[in-house]
Structures are given as structure tokens and as C-alpha cells.
Amino acid sequence: MTKSPVHCRELAVGYNGEAVLETLSFTVPEGETVSLVGRSGCGKTTLLKTLAGILPPLAGEATVLGSRLPAAPPAGTLGYIPQGHGLVPHESALTNVLHGRLSDLGILRSLLGRYPKDAVREARAAIEQVGLAGKEHSRVKELSGGQQRRVAIARAFVQEPDLLLADEMFSELDRETAQSIIRCLDSLQAETGMAVVIVEHNLEIAHEISDTVLALGEQGDEMPTEPARNRSSS
Amino acid sequence: MSNVERPISVAYVRSRLRTVSRSIFVLVLLTFAGWSVVVLELHHVDLSGGVVGLSFLYGAAIPPEMSVLRVGIGGLVETLYIAYLGTLFGVMLSMPISLLASRNLFPRHINLLARWMLAGLRVLPSILWAVIFVILLGTGPPAGVLAITLYTVGFVGKLEYESFEGLDNEPMEAVSALGATRLQVLRFVVIPQAVNALISQSMFMFEYNVRHAAAIGIVGAGGIGYYIMAYLNFHQFDRVVVLLALIFAVVIVVDELSYHLRSLFLGDTSTSLST
């Protein structure tokens, strides 16, 4: 039987006790990609933030990587790419990518800000993988929006997480770069069996990368699911 | 344009309430300002007496007595040491308290305790802290350093927690979601994000403390203030004016230093408006 990194049952999500989405029930199997699509403001980001442990669920239950929300999954197993990158602007691209390996550090290393050499090597490789070689020491605030997006992607990739939650991962990227990132994502999924939940506005991309597309509707609406996955296996 | 009436939404009512409450707030501020002027009888102040005093002061202070420069520089160096150490210790001590006081970083009950502590330290101005430490430790720079330290904790701590609360939450949320501990989020996200404000506040505090370290010398807590007080007592305004000019020059230098330090840490700090 396939394991499910995400399992939601009758889940309600929202802000300050006010539900944006209710009665959500879905499962994301290991190694699969689920895209969340829907109109702006329909609650896609809220759902993703809830799965990431940033917002508490309002009702129902959700299990993420074996931990029932609001309990956090084991450190380093969850990758998250927020809508606005979530990077520290004054720090370099390399430092930001290394934030994906903070779970490797003990208290002393954390206080000193010293990462193991293999973490630094892997962070450099992740930066290269997303096409930013030579930009390791550039401050994030000096990079373009698309480059910042790729730093956020590299930060998630360097973890090799069991589950990746990504909010508009391909926005700000040109088609060629987006395709290159999709290839990286495919290869990482093939290697690690990582599951992916992605919020995507571009339906073409959503269908290309996903095993399932979930269309999120208005509050109280049924949530239709649609099988997709027309990407070529690489 | 359609004249069809639309139902009034909760968001519309809230928006109108916000506008009305802002107007009431400004009205209350202005009314209270007017009331304060009346209570303090500021409208009866006669400024002509001040002009006479100013001309007397000008005659007594000009030309300045430059022979006091050497004594002044000695006192000023001591004042700078007091301000520097007081600021350094104050900023170091305030940092953990201000992190605890930030509503976006720690629970409410911890915020309250930390805020009360900072508010308690701000109750007394540095000159009254200096009086207390002169009584406890005797006259001299140690009383000055402690007075400046305690006041700095209270003052800069408040500025710091306001900066932390104004930070973009997304990097913190993102790094927390990746599995970082609270300590790691503070060390790798919160402090680096706030570094601009922290350096700026520390330099502002140092500049502020240079002036206050000069003032606390008046009550015996060391530094140039001791000499200013002594010359004032003997009505030697031509010497006092030299010492005040020295303090003024140092404040200008510290201000410039603050700008360059910020640039060093953060790259170009200029904006299109400043060029």
C-alpha cells in the first residue's frame, strides 16, 4: 500500500476562526504531485499554509508526514516555497539556501552560524541546479524576482524533503527556466519519492506536472478532482 | 452609472468605522494640545525677557576661551567611553528582552513581562539613574556607565521590539515550516532581517548617550559634564561654549559614522529620493 504524506479529512482552513475552505478531504500519495487550482482568494494559499503548519486547522483533521496538525512533522522533512519567496533580503543566496539545512545544526553551530561542509557543498549544487551558478554570494535583494524565486526553490531542494509545498513555484520564471525546474523536480521525485502539493495558476503547467489537479471552489462547494499527469517521465 | 442599491457589506462598514475613528483620534490629539497650552499658560509667555538674556549670554560667551580645549577634550574622551560602554552593554542586554517582548515571536504572557521590564527601566531618565548610582557607588565613571546602560536597555529595547514586530513574517514562517527551531529562526532570520534597524538604533542611541553622558557628569557621574557644571557655577560662559561646541562636533561625527556603518553592513543605503 502506498504511504500518504498528506491525508486530510473534513478539513476547514481560514484566518481568525473564519473559514475560507471547508470539508476538504483528499490524500497526496508518496511520489505524486497534486496541483491546487482555483480563482484568486479561493483559499489555495491558506490551505498550503495550514499544511505547512503556519496556520492552525479550524476543523476536521489533517496528517502531514505522520504528524497530525497542528503538530509539526519531523524537522527537515517538509519543504516549503511561499508565495513571496520568504527569503532574508540582506543575506546572500547561499546563506538563504543553507536555511534549508538548519535541521542539521545543533545549538552551538546554530549560535556560531557554522554549517557542515557537506551542507555548504550541497547548497552550492542546488544553486547551480536552478541555474544561478555564480550568484551564490549576491545578496537576495539585488536579484531579480525570478532569481529570488529560484533561490527559494533551491532552499527547498537542498533539503531533499519528503513533501514539498509550493505556492506559485513557477511564477516569475520564463518558460525555459520553468522547464528546467520541472526537470529538476521530476528527478528529485524519482530519486527520493518526494510528494508535491503545488498552488498553480497556470493550468497548462498544472496539468503538465501533476498526477491530480484539485479545483478549489467557493466556501461549501464540492471540490472536484481531476486526474492529470500528461508529463513525460524523464 | 447604475443606481441600483447594493447591500452594505461588513467590510464597507468596517472601512467607514476606521475612517471615522481616525478622524476622532486626530481631533482628540488637537483638542488635548490646545488644552495643554492653556494649562501651562504658554499663551501668556513674554519672549522679550529671553531676548535680553540672550544678548547677555552672547556678550559673556564670545569670544570663546580656547585654553579650555585641552581640559574639554579630556572630559569628552571620558564621556565618549561612558557613552560607548553604556550603549554597548545596554544594546546587548536589551536584545534578548526585546525579542521576548515581540508579539510575533513569543506568547502574550511573555511579551507582557518583558515589556513591563523595559517600561520600568524607562521610568527614570538617565540623569536620575546617575544620581542613584552616585549614591550607591560614589562619584565617577562607573556610576555613569551603569546609568547609561540601564536607560539604554529600556529605551532601545522598545525600539527593537517595534522593529521586530514590523518585520515581514513570511521568511520566519518559511524557515519555521522547514523545521528550524525558534532559536534558529531568531538567529538566522529575525536578527539578519532587522539588522538595518538594529544598527541604526544602536548608532542613534550612542549619539543620544553622548549627549546624556555629558549631562550626567553634572551630578558627578564623570565626563565633560563635570567641567560644564563647574564653569557654569563660576559664570565662565566663554569656557562653557567651547565645551558645548565640542559635544556638538562629536554628535555630528557620530551621525556621519552611523551612516557609513550602515552602508558597510548593508551596501548602498541611498534611495532614489536621496540622490
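Order of the sequence lines sets the chain letters (A, B, ...), proteins ahead of strands, with each chain counted from 1. It should be emphasised that the depicted structure is a prediction, and the values quoted were computed from it without experimental measurement.
Contact annotation for A/Pro89: only side-chain heavy atoms (C-beta onward) come within less than 4.5 Å of a heavy atom of chain B. Only the side chain of B/Leu183 comes within contact range of chain A, judged by heavy atoms closer than 4.5 Å. For A/Leu111, the parts lying near chain B are the backbone and the side chain together; criterion is any non-hydrogen pair under 4.5 Å. With a 4.5 angstrom heavy-atom cutoff, A/Ala72 does not touch chain B via any of its atoms. Contact of B/Val175 with chain A is made through the side chain alone, with heavy-atom distances under 4.5 Å. Heavy atoms of A/Leu164 lying under 4.5 Å from chain B are absent altogether. Interface residue A/Ile54: only side-chain heavy atoms are found under 4.5 Å from chain B.
Here B/Arg211 pairs with B/Glu207 in a salt bridge; the nearest charged N to carboxylate O distance falls below 4.0 Å. The pair A/Glu91-A/Arg155 does not count as a salt bridge, with every side-chain nitrogen at least 4.0 angstrom from each carboxylate oxygen.
Note on ring orientation: taking the six-membered ring where Trp is involved, the planes of B/Tyr208 and B/His212 are parallel (angle under 30°, cut-offs 30° and 60°). Using cut-offs of 30° and 60° for the angle between ring planes, the B/Phe188 and A/His99 rings count as perpendicular.
Each of A/Gly86, A/Pro82, A/Ala75 has some count of heavy-atom pairs under 4.5 Å with chain B, and the biggest count is that of A/Gly86. When A/Leu105, A/Thr95, A/Leu165 are compared by the number of non-hydrogen pairs under 4.5 Å with chain B, A/Leu105 comes out ahead. Options A/Gly113, A/Ser103, A/Ala52 differ in how many heavy-atom pairs under 4.5 Å they form with chain B, and the most are formed by A/Gly113.
Considering only residues two or more places apart in sequence or on other chains, B/Glu162 meets the salt bridge (Lys or Arg N to Asp or Glu O under 4.0 Å) condition with B/Lys158. B/Ser98 meets the side chain to side chain donor-acceptor pair (under 3.5 Å) test with B/Glu160; sequence neighbours excluded.
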Assess whether side-chain contact (heavy atoms from CB on, under 4.5 Å) is satisfied between B/Met172 and B/Gln193, documenting all intermediate values. CA-CA 10 Å; B/Met172 293 178 235; B/Gln193 256 189 298; 4.2 Å; yes
